[in-house]
Amino acid sequence: MSQSYDPQSLERSIQQRWQDSQVFRAPAKPGPNKFYALAMFPYPSGQLHMGHVRNYSIVDAIARYQRMLGKDVLHPMGWDAFGLPAENAALKNGVAPAQWTFANIEHMRAQLQRLGLSYDWSREITTCTPEYYRWEQWLFLQLWKKNLVYQKVSTVNWDPVDQTVLANEQVVDGRGWRSGALVERREINQWFLRISAYADELLAGLEGLEGQWPEQVLAMQRNWIGRSEGAEIQFPLADGSGSIKVFTTRPDTLLGVSYLALAPEHPICQQAAQHNAELAAFLERCKLGGVSEAVIETQEKLGAPLGLDVLHPLTGERLPVWAANFVLMSYGEGAVMSVPAHDQRDFEFARKYTLPIKVVITQDGEVPPAEALTAALTKPGILVHSGPFDGLDSESAKKRITEALAARGLGARRIQYRLRDWGISRQRYWGTPIPMIHCPQCGVLPVPERQLPVLLPTHYQLKDPRSPLLDDPEFLEVTCPQCGGPARRETDTMDTFVESSWYYARFTCPDAQAMLDERASHWLPVDQYVGGIEHAVLHLLYARFFHRLLRDCGLLPRQDSRFDEPFARLLTQGMVLKDGSKMSKSKGNTVDPQGIIDRYGADTARLFILFAAPPEQSLEWSDSAVEGAHRFLHRVWRLVHEYTPPVPPQPASLGDEARLLRRQIHQTIDRVSQNLAERQHFNVAIAACMELSNALAKASGRTQEQDLSAVLGEGLRTLVLLLAPFAPHLAEDCWQHLGEEGLVAQARWPQVDPAALAVDQISLVIQINGKLRERLEFPADAAPAKLQELVLQHPQMQRHLQNKTPAKVIVVPNRLINIVLP
RNA sequence: GCCCAGGUGGCGAAAUCGGUAGACGCAAGGGACUUAAAAUCCCUCGGCUUAUGCCGUGCCGGUUCGAGUCCGGCUCUGGGCACCA
């Protein structure tokens with residue numbers, strides 16, 4: 001037996017063996033049993049944090065397990081390398097974003113390698129390299145041809161002091177984070193991807209993910225897409241100058257409308273403000289603050305009358321029009337019909353500005369006077385005060401009222417989505433240049449494909465937040481591809497979500513001389529995707545969208561349902577907490593993974609993080625529990641190294657103790673397999689390994705008994721295999737000690753021997769009226785009726801029964817018997 | 001404000017389909033070994049003045065022979081809200 005468990009040198013030498021043998025390299029074309037395991041790739045912030053360790057330990061355990069099942073496994077890693085932090089770092093430290101980013105990648109790659117994750121590093125992708133982003137530009141041009149890209153004016157956060165657009169994150173309490181200036185909303189022309197054209201398909205696709213994706217993620221995506229059925233309704237302007245269109249899901253309440261509310265940016269508001277100083281001041285006030293929905297929805301609800309009326313489309317009644325700061329220009333028509341009696345927000349607004357409230361729906365036939373209402377009556381019911389529609393229920397009224405509107409040409413049934421088109425323009429430097437050209441003669445034109453990539457210059461020293469592309473003639477000045485005259489290059493770059501929307505596909509063919517090649521269809525879809533729950537909507541929805549774009553651009557097979565979705569199975573992991581809150585530098589509660597690895601080794605870090613909680617739950621960091629994980633690994637190391645191989649052959653019959661131990665070994669295989677494959681509760685799988693290790697340790701003192709020694713050998717060999725996905729370095733070392741040939745990383749996962757699981761006695765719980773009273777042993781093969789008889793006659797039961805006749809006896813096979821006494 | 005989760009011993013958790021609440025680990029206490037310490041090993045470990053008893057899974061109520069698990073209401077904590085990634 002060698003000295004003792006020394007994770008640092010042990011892990012280094014095992015990692016060397018893995019590297020020498022290239023075991024984790026995936027073939028270009030896998031056999032019929034392929035498995036693509038993917039973790040959400042990191043932003044190279046410079047330091048590995050515990051969230052990364054958790055994410056990658058989970059995927060690595062899955063990848064290693066699948067490899068031991070004999071599959072061809074693709075398990076790649078790369079860098080989501082464009083984004084805001086590089087610019088911030090550049091401003092702070094005077095390092096060019098590219099330089100900063102690549103230095104961070106070097107450092108973090110070394111950290112990942114030290115963790116011993118089973119990546120195929122030959123497929124590494126870095127999104128800020130032209131080799132990667134040129135295909136994104138290429139795709140953009142294809143989408144332009146398909147009319148899936150367009151320009152439109154939309155709202156951004158504007159910092160009037162720094163003269164720059166701010167990310168929502170950079171708006172703190174309505175002020176710019178650097179300047180402290182009050183942030184304004186500003187309208188600028190931007191590039192959009194028409195994701196709304198895929199709304200129905202993205203919604204329908206969720207059904208196929210049922211059972212494979214967490215229910216909560218499916219629910220969040222459904223709500224985000226937000227399909228709603230309703231009607232669009234025209235309200236003619238009283239002065240005859242046109243009409244205002246609204247969308248509503250409640251046309252049944254149309255006779256209860258008392259005013260219209262318009263988004264401040266609505267053209268009719270803007271028009272009305274030209275001769276209305278008070279309104280203009282109000283609209284100006286509405287411009288203050290950020291653009292995020294959370295800000296808009298939580299601010300005080302304010303409004304101002306436009307001083308013009310519309311006509312009710314059915315009754316012709318005059319209704320006032322208001323501007324309201326909570327109406328979103330980006331949803332529906334930017335205008336809503338307000339029914340205060342039956343919508344809570346309208347109700348509060350009407351009370352605040354003393355606007356009329358008309359009850360038109362009743363639950364029980366009672367019609368309370370408007371003054372008596374304390375809240376809106378939002379449930380559907382029966383119509384009242386609605387003229388010819390009185391007495392209809394809400395559902396049929398929706399239909400009838402919409403028909404009545406359609407007959408007058410003032411309305412129609414409509415399906416509305418909450419999902420908006422994806423604005424991908426960023427007025428930033430560190431991103432993929434949008435490959436378009438603005439020519440004063442010819443207008444907006446795409447960069448010709450042969451001129452791709454449009455290279456992002458990397459030499460700038462940033463002095464202020466303004467994009468240096470705006471001031472660089474070398475970048476800006478181009479020749480118009482159409483007229484040959486002087487033109488200006490587009491300076492907006494793409495949202496970094498674009499890079500992360502297709503990287504999973506590029507990993508299958510990272511050196512392809514096209515965006516993707518046939519290798520994509522060999523490996524896709526990703527069989528298991530793992531990442532933080534914070535990506536439940538945006539990233540995962542955008543990637544699902546891109547998957548369809550790739551397919552529709554002919555890069556993925558069309559007629560094969562295997563390629564419907566990019567991620568066949570999804571696991572969303574919880575956060576790593578310290579003292580109950582998220583680890584962050586500002587809170588000063590971070591734990592550096594590097595320190596843990598230096599002190600205890602990678603196996604301990606990985607084992608702890610998998611053991612501390614089930615993956616989807618948040619994980620509370622604990623230094624002493626890390627010690628515990630380390631102690632366990634040390635115990636396993638000693639247990640294995642104290643055993644002297646070779647394992648003797650097992651005798652034909654085993655003694656009671658040996659048989660019991662062997663049963664536990666095979667029960668453990670069963671539990672660990674289930675908790676790795678279906679349930680993915682790695683903490684439970686590891687707990688089962690600990691129990692097995694405890695049982696083996698008890699037997700280890702008695703190796704002179706031949707049957708026990710043989711079963712112990714089988715147990716140790718099994719334990720090492722079962723631990724290989726969690727503590728791979730230790731497992732390799734122990735595997736070697738047990739005299740096994742080759743790498744445990746390539747060994748076969750153990751199989752359950754059903755014969756070892758057989759039992760002849762079972763322990764049953766006996767309840768009286770649902771309360772636990774006895775635990776009794778019975779033959780395993782007794783029929784339920786026989787069991788019931790045995791229990792009722794059992795001497796230990798008589799004092800519980802007290803000569804009463806049971807009213808009912810419930811027998812749950814192999815578990816319990818509940819006797820209901822009168 | 002809207003959407004989605006979660007709440008179980010001193011702590012992290014387990015209980016897979018409505019069927020033994022607390023597996024496994026941490027911490028703590030006691031003991032063995034040691035000149036001593038560390039390491040290691042063994043025992044105890046939800047609460048209640050006795051234990052074949054009663055109570056106990058955020059709070060209030062319901063369904064059921066039986067509820068941590070299902071239903072209704074509340075509360076607190078966390079994630080997302082379209083330019084952080």
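Letters A, B, ... mirror the listed sequences (proteins, then strands); counts begin at 1. Scope of the values below: all heavy atoms of this structure, side chains included, with no hydrogens, waters or symmetry mates.
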For RNA chain B, what is the dot-bracket line, given that a base pair needs Watson-Crick (N1 to N3, plus N6-O4 or O6-N4) or G-U wobble (N1-O2 and O6-N3) geometry with both distances under 3.5 Å, and | means paired with another strand?
(((((((..(((......[....))).(((((.......))))).(((....)))..(((((..]....))))))))))))....

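Going from the C1' atom of B:U77 to that of B:U8 covers 16 Å, rounded to whole Å. Remark: the separation of the P atoms in B:A37 and B:G79 is 46 Å, to the nearest Å.
Between the side chain of A:Glu774 and the base of B:U52 there is no donor-acceptor pair of N/O atoms closer than 3.5 Å. Between the base of B:C3 and the side chain of A:Asn223 there is no donor-acceptor pair shorter than 3.5 Å.
Classified by interplanar angle (parallel below 30°, tilted 30° to 60°, perpendicular above 60°), the ring pair A:Phe41/A:Tyr503 is parallel.
Residue-level contact check: A:Ile810 touches the bases, meaning some heavy atom is under 4.0 Å from a base atom. The residue A:Val156 sits close to a base: some heavy atom pair falls under 4.0 Å. Backbone-only engagement by A:Pro614 is indicated by non-hydrogen atom pairs under 4.0 Å involving sugar-phosphate atoms exclusively. A:Phe326 comes within 4.0 angstrom of nothing in the nucleic acid, heavy atoms only. Note on A:Glu87: nothing from the nucleic acid sits closer than 4.0 angstrom, heavy atoms only. Residue A:Gln617 is in sugar-phosphate contact alone, with no base atom involved, counting any heavy-atom pair closer than 4.0 Å across all strands shown. If you check every strand for non-hydrogen atoms under 4.0 Å, A:Ser763 touches nothing. At a threshold of 4.0 angstrom between heavy atoms, the contacts of A:Lys771 are confined to the sugar-phosphate backbone, with no base atom among them. Residue contacts shown for A:Val820 are limited to sugar-phosphate atoms, with no base heavy atom under 4.0 Å away. Within the 4.0 angstrom heavy-atom criterion, only backbone atoms of the sugar-phosphate kind lie near A:Met575; the bases stay farther away. No contact: A:Arg222 has no heavy atom under 4.0 Å from any strand. Among the protein residues, A:Val165 comes within range of the nucleic acid bases, having at least one heavy atom under 4.0 Å from a base atom. A:Arg420 comes within 4.0 angstrom of a nucleotide base, judged by non-hydrogen atoms across all strands.
Residue A:Asn168 places no side-chain N or O under 4.0 Å from the OP1 or OP2 atom of B:C81.
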Reading nucleotides 21-32 of chain B 5' to 3', which nucleotides get B (base under 4.0 Å from a protein heavy atom), which S (sugar-phosphate only), which -?
--BBSSS-----

Go through the steps for A:Gln190 and A:Gln427 under the test side chain to side chain donor-acceptor pair (under 3.5 Å), then give the verdict.
CA-CA 9 Å; A:Gln190 309 213 70; A:Gln427 294 69 41; 2.9 Å; yes

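Relative to the side chain of A:Gln216, the nucleotides B:C4, B:A85, B:C81 differ in distance, and B:C4 lies closest.
Applying the ring-ring contact (aromatic ring centres under 6.0 Å, His included) rule to A:Tyr198 yields the partners A:Phe545; only residues at least two apart in sequence or on another chain are considered.
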